[in-house]
Amino acid sequence: MEHRDLIACHECDSLFRKPPRLRGLVAHCSSCGASMKGVRHAGLTLDRICAITVAALITFMIAQAFPVLALETRGLTSHATLFEAVQSLWRGHMHLVAAMVFCTTMLFPSLELVALLYLLLPLRAGRVPRAFDAVLRLVQFVRPWGMTEVFMLGVLITIVKMVSLARVIPGTALFAFGALTLMFCVIAAFDPCMLWEIRDEVMNRGGAPARRRNRQRDGAHGDAASPTQPATSSFRAKHAGLIACHCCGLVHSLSMQGSEPHCSRCRSPLHARRPESITRTFGLLLAAALLYIPANLLPIMHTSSLGRTEDDTILAGIAYFWRSGDWPLAVIVFVASVMVPMLKLGILTLQTVAAYRGSDWQPLERAKLHRMVERIGRWSMLDVFVVSLTVSLVHFGSFAQITAGPGALAFGSVVVLTMLASNQFDPRLIWDNVRRPPARAPS
Ligand SMILES: [Zn+2]
Ligand SMILES: [Zn+2]
């Protein structure tokens with residue numbers, strides 16, 4: 001049985017009554033402080049998010065079609081589009097790194113935009129598109145892996161790096177990527193889980209003209225916003241015999257748990273906790289920790305210039321920035337490439353060990369650490385993007401040639417593995433053994 005009047009926090013499993021529509025406010029869990037997913041608020045109307053998604057898609061095509069940067073030195077010129085950067089890595093036998101750059105900067109962002117439009121346009125018109133469940137799940141899956149903003153920072157670092165070697169000419173795509181980064185910030189503020197609620201409303205209304213209704217629904221009408229009702233907040237859904245769907249958040253009774261229970265709304269398998277969460281997180285962490293050693297010891301780039309060859313590790317690149325006076329860049333690269341991966345490995349190990357031991361130690365702080373790891377993990381891809389652009393730009397024959405080294409593959413793998421580990425860790429395990437004051441069960 002499903003409970004549409006209840007909502008469970010996706011981070012601590014606290015159970016709440018679903019709040020009324022919020023006028024631009026975001027509901028936060030009173031237990032762990034996480035922003036509640038799937039709670040309707042009128043921050044962005046469907047019309048606005050549609051407009052921004054269309055604009056982002058056009059800008060995305062411009063960003064792909066034109067060169068990001070051009071280099072000019074001693075009468076030689078070279079330019080690179082993002083796709084050429086991927087091709088350079090592929091030709092240099094860095095197939096996995098090429099696939100990482102292709103997926104995070106081209107495939108996943110474009111899939112997110114196209115899939116969002118596929119869902120939003122019919123919903124705006126009061127229809128539910130075909131394969132709604134699968135397409136919305138796709139949006140939720142690809143969203144954390146699109147890294148346009150990290151790539152943009154990578155381009156800026158490449159510019160500073162190249163300025164001492166050649167004249168750097170910004171390309172049309174550089175400005176397009178700048179605009180795209182801002183648009184993705186707005187799109188990221190839109191919670192796709194809300195679309196499940198909108199779909200239910202559209203289906204319940206039965207296909208009457210919808211644009212006017214959408215305006216009423218999404219506009220700033222209605223009662224004053226009120227935060228999530230804490231009436232049932234001292235209950236975990238699991239302890240109340242309920243399961244919240246991982247994908248759409250719909251709360252179900254545990255009694256429906258027969259063989260392979262599935263969500264009645266999105267058809268995803270239902271689990272009280274992510275299955276094998278600790279084992280999978282630990283396995284991925286172990287692989288990431290092992291690869292972190294070659295990631296730092298092996299060169300990420302080979303440079304050959306006028307018969308001289310040089311290998312650069314990540315730390316050597318940071319030292320180069322520091323020596324040449326670009327200390328702000330040295331700090332940025334050090335934080336993104338050295339500190340963030342180490343922090344991620346340390347924090348995820350702490351979380352896994354604490355969850356394995358069923359510890360109730362500092363749950364709020366551990367929940368905040370988990371949120372921080374989720375947010376900062378992607379920024380470690382910075383060095384991989386810098387390498388891919390540099391390799392693509394510097395190919396001046398015997399004068400200067402740069403190729404990617406094996407360290408780039410190891411480093412990219414560490415980033416992907418730690419992101420997967422953080423994704424596999426179920427934050428509700430942090431709260432499972434925390435004692436709570438007794439309260440009345442939800443009706
Ligand atoms: Zn919570
Ligand atoms: Zn579901």
Side-chain angles (χ1 to χ4, degrees), residues 1-19 22 25-40 119 128 131-141 143 191-201 203 227-240 242-254 256-258 260-275 351 355 360 362-375 425-437 439 442:
M1 197 182 110
E2 55 193 57
H3 300 269
R4 289 180 185 265
D5 57 329
L6 295 177
I7 187 165
C9 172
H10 61 285
E11 287 200 11
C12 72
D13 210 26
S14 289
L15 204 56
F16 300 92
R17 293 193 197 287
K18 199 168 268 186
L22 306 176
L25 298 179
V26 177
H28 286 273
C29 170
S30 60
S31 179
C32 73
S35 58
M36 302 290 284
K37 286 187 178 173
V39 176
R40 292 286 306 282
L119 298 173
V128 177
F132 179 93
D133 304 0
V135 177
L136 185 46
R137 280 203 299 266
L138 177 75
V139 172
Q140 290 177 300
F141 170 76
R143 176 167 269 200
D191 173 14
C193 287
M194 276 200 289
L195 292 179
W196 294 109
E197 299 284 317
I198 297 174
R199 182 198 76 155
D200 289 352
E201 284 180 24
M203 285 172 89
T228 315
Q229 300 289 315
T232 58
S233 63
S234 358
F235 263 93
R236 308 270 177 242
K238 188 182 174 185
H239 299 159
L242 302 168
I243 298 182
C245 172
H246 290 301
C247 184
C248 72
L250 186 62
V251 176
H252 298 74
S253 293
L254 268 173
M256 69 172 290
Q257 247 186 336
E260 294 279 320
H262 283 75
C263 173
S264 59
R265 179 157 69 177
C266 71
R267 302 281 143 215
S268 300
L270 285 175
H271 305 286
R273 296 291 175 266
R274 205 179 280 277
Q351 302 280 28
D360 61 350
Q362 304 286 0
L364 193 58
E365 282 67 28
R366 280 160 57 205
K368 285 179 184 168
L369 283 176
H370 176 75
R371 240 169 275 150
M372 186 182 85
V373 166
E374 293 258 279
R375 283 196 195 121
F425 182 75
D426 192 332
R428 291 172 294 189
L429 295 173
I430 295 172
W431 298 88
D432 271 352
N433 295 303
V434 177
R435 285 206 191 90
R436 320 204 71 194

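Just follow the structure's listing: the first ligand is 1, and inside any ligand the first atom is 1. Keep in mind it's a predicted model, so treat the numbers as computed, not measured.
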Practice prompt. Can you label the angle between the His370 ring and the Phe425 ring as parallel, tilted or perpendicular, going by 30° and 60°?
Written response: tilted
Practice prompt. Angle at the Zn ion (ligand 1): provide the value between SG of Cys9 and SG of Cys29, rounding to 10 degrees.
Written response: 110°
Worksheet entry | Heteroatom test (N, O or S) for Cys263 near the Zn ion (ligand 2), limit 2.8 Å | yes
Worksheet item: N/O/S of Cys266 less than 2.8 Å from the Zn ion (ligand 2)?
Response: yes
Worksheet item: So, Asp426 side chain and Arg274 main chain: donor-acceptor pair closer than 3.5 Å or not?
Response: yes
Worksheet item: Is Cys12 close enough that one of its N/O/S atoms sits under 2.8 Å from the Zn ion (ligand 1)?
Response: yes
Worksheet entry | Salt-bridge present (Glu11, Lys37; N to O < 4.0 Å) | no
Item to complete: Return yes if some donor-acceptor pair links the side-chain N/O of Asp13 with the main-chain N/O of Lys238 below 3.5 Å, else return no.
Response: yes
